[in-house]
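Working notes, beginning with the structure itself.
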Amino acid sequence: MARCVRGRSRGFPACMCLLLLSLSVAQRHAWGQDQDMSFHLSGLIEFQQMSFLEDRDKELINARNELRFLPDLEVKVADALRGAFALEFRHDFSDASRSRIALDKAYVDASFSSWDIRLGRQVIRWGRTDVIRPTDHFARHDYTDFLDEDKEPIYAGKVDYYRGDWTLEGVWAPIFEPDILRLDPSNRWATLPGRETVSDLGSLALRYHVDRSALPRDDFRSSQAGVRLTRQRGGFDWSASYYYGYDRLPTFIRQRLVALDLAAERATIELTPVHKRIQAVGVDGATQVGGVGIRGEVSYTITLDRTGRDPLIDDPYLRFVGGMDRTFARIFSSHDLYLNLQYLLDTEVPRRGSKNQDDVPVRLRHFYEQAVLAQVEYRVSSYTKVTTRGFVNLEQGDYLLQAELSWQPRDAWTWTIGGDLMGGNTGSFFGLYHGNDRVRTRLTYRF
Amino acid sequence: MGSQHRPRGRWANACIAAMLALACAVLPGPLPTRAQPRDDARDIMQRFIAQMSASDEVVEMAMRLIDSEGQMRQRTATLYTQKKTGEDARRLIRFHTPPDMAKSGVLTLEHRDRDADQWFYLPAYHTSRRIASANRSDTYMGTDLSYEDITDPKLEQFDYRSLGTERLQDTEWWVIDAIPIDPTLKAESGYSRIVYWIDPDKSVALKIEYYDRAGELFKRLTNAGLEPIGRYHRWKTAEMHDLRRQHRTILEVSNRRVDQGVEDRYFTVRYLERGG
């Protein structure tokens, strides 16, 4: 919650001014005949339950019992001018740190004959592959649960200019907003020990204090920008993009012992996340051949350690994802089968010895070098499907296996039940999280 | 004068015969007789397809999907269609309800020389996704219609035969049997034959029956509520009944605009991603 709200004091009024300015300008020039103002309220109510199966004796949070309410209001001033506002109310009965009230979206959207503009809090997605998108630089993640796939919004202005088959997109995010991390030993993805044995001192309970002084500034000096050129022609969609911004995950986290209470056998460690500038160029594309969807992305990230001498900063690296998918219709009665297979690569270019995967303290960024990801979806009907997804790290052999049954008993209601299994060698990424196996269920009502 | 009344010679008879033959070949003749059932059927189908093919159309509709146990799901959607370049059709279907489908849509651009381009948009993904064009026989958006049901049939891909007439609802309907003859269509279609009940005057089909590849009756489309719209006729209600699954899709049109000049911008990924 604290991370979400940080920095709003200066950024929020500036963004609201931009919204109001754009609203007044766009109202005069937006194209379209429909001038009737309308309001539309929609949203969802959701309850999610998760139970972790292992390591229940440690100081870890063992469950999620989360209620979520997300009302979403759309205001249509004219056919080409609209605004959207959504507020998320999230309460977790088992993990208070996940409870929050957060602005999910608040933007003004104007459309002109050859360009569109969207200003405000929004989710911006780049790329065309599934699950992992190397060029998706403006997407912000909530890593309080690494397996959650919802994207967090950011404050940004986005302009699209259209000319024939071409689209030129420009994005400016005025204030840096990092990924959400919970640096606390009770979080199952933080992997911070709650107790450490120190020679001569014995076993010490560890407390952590997060120092945010090294975060990028809360003003326009931390802004990020990107451009993306897209073409859709002849059965092939592709984009070329450039991003100038920050690592959304900390580039590294400084650790410092700040207090030691021998009587209480307790030590306090200060964690200082540091985010460094990066630049990235990328290309993504999608097409289909004979009923098979083919999509791929490649991104080259230039870090501040171009010479590979700073062990705390990543060497420049290249990420590639390529894959194909196909739906086999009516394989049995009216049942469909959907298959999706992807190859993932994350490597330094040029390579200078040790890998980013070995060096980087923040392992969430480089958790594989080569991997495959497969998804099999068996659709019994439009309302019932079984999905299994597997990720295997080809270098270290660690894996993630997810299975889920999704059922819509009535329109607007969705019930899912599933589980996540992970494991691998000691020291491998999912091997580290072998204790995070869990079963989960979710009931969603949309209105 | 006397010469004018004399019997015509061989040359004159030959010329008249030649002119009549030419006239028959060039000028549109009367409706074919029952002596030429194959040509009758093809001609009626040609007019039926032409009657269905407006240059653009916007249809607001409600769908009811009813399973074998009588459980019903409802959707509302707007379907935009444009046929600008001959047979290449462009379609955008945008769903309004149920809430989990609201603002989602599918944009399809058909091409004569290659597979259709198709994009799917779901607001939760925040972006559209190019999807592999569906097989002809795949179901369309969870309804009982397949992709080939919503595509206009191509005249040359079928062999048409008249099966006679049948009187229904005070109208004499021509029953026409259509059998795929195009090798690609034969390989890809889910049907071995389609039987139409067509009014030759208005060129509309009251009923269409679809037979599966094994020759068994598979689906039946029944239309109701014919109304004139400009120079076309359109049905207000259509019911597709899947006889194998005992599942029905009922489409009710609440508003329809034909040949009103739907702008090109509706058939773009840009518009798809605007969500309506």
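Within every chain, numbering begins at 1; the chains are lettered A, B, ... in the order of the sequence lines, protein sequences first and strands thereafter. Predicted model, so just to flag it, every value in this text is computed and none were measured.
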Exercise. Any ion pair linking B:D242 and A:R330 (charged N to carboxylate O, less than 4.0 Å)?
Worked result: no

For this session: Mind ranking B:L65, B:T97, B:I131, B:V269 by heavy-atom pairs under 4.5 Å with chain A and telling me who comes out on top?
Result: B:V269

Exercise. If you count heavy-atom pairs under 4.5 Å between each of B:R73, B:R114, B:H126, B:R244 and chain A, which one has the most?
Worked result: B:R73

Exercise. With distance as the sole test, does A:Q288 use its side chain to make a donor-acceptor pair with the main-chain N or O of B:A116 at under 3.5 Å?
Worked result: yes

For this session: Could you look at A:F328 and say if it's the side chain, the backbone, both or neither that has a heavy atom under 4.5 Å from chain B?
Result: neither

Seminar exercise, completed: Honestly, the part of A:R295 sitting under 4.5 Å from a heavy atom of chain B is side chain

Seminar exercise, completed: Honestly, the part of A:P153 sitting under 4.5 Å from a heavy atom of chain B is neither

Exercise. Which region of B:R274, side chain (C-beta onward) or backbone (N, CA, C, O), has a non-hydrogen atom less than 4.5 Å from a non-hydrogen atom of chain A, or is it both or neither?
Worked result: both

Exercise. For B:R257, does the CZ atom sit with more than 12 other heavy atoms under 6.0 Å from it, leaving out its own atoms?
Worked result: no

For this session: Run the numbers on A:D325 and B:R129 for salt bridge (charged side-chain N to carboxylate O under 4.0 Å, His left out), then give the verdict.
Result: CA-CA 12 Å; A:D325 61 274; B:R129 176 183 164 88; 3.5 Å; yes

For this session: Return the minimal non-hydrogen interatomic distance between A:G293 and B:A132, and the atom names on each side.
Result: N-CB, 3.9 Å

Exercise. Tell me, do B:T127 and A:R133 make a side-chain contact under 4.5 Å, heavy atoms counted?
Worked result: yes

For this session: May I ask you to test the B:R75-A:D411 pair for a side-chain heavy-atom distance under 4.5 Å?
Result: yes

Exercise. Are the side chain of B:R270 and the backbone N or O of A:Y162 linked by a donor-acceptor pair below 3.5 Å?
Worked result: no

Exercise. Do A:R125 and B:Y125 meet the cation-pi criteria used here (NZ or CZ under 6.0 Å from the six-membered ring centre, within 45° of the axis)?
Worked result: no

Seminar exercise, completed: Honestly, the part of A:Q408 sitting under 4.5 Å from a heavy atom of chain B is both

Exercise. If you draw a 6.0 Å radius around CZ in B:R213, do more than 12 non-hydrogen atoms from other residues or ligands fall strictly inside?
Worked result: yes

Problem set entry | CZ on B:R245 to OG on A:S381, rounded to 0.5 Å | 8.5 Å

Exercise. Salt bridge check: are A:R446 and B:D100 linked by an N-O gap of less than 4.0 Å?
Worked result: no

Problem set entry | A:K158 atom NZ, over 12 foreign heavy atoms within 6.0 Å | yes

For this session: Compare every heavy atom of B:R130 with every heavy atom of A:T287, then report the nearest pair and how far apart it is.
Result: CA-CD, 3.8 Å

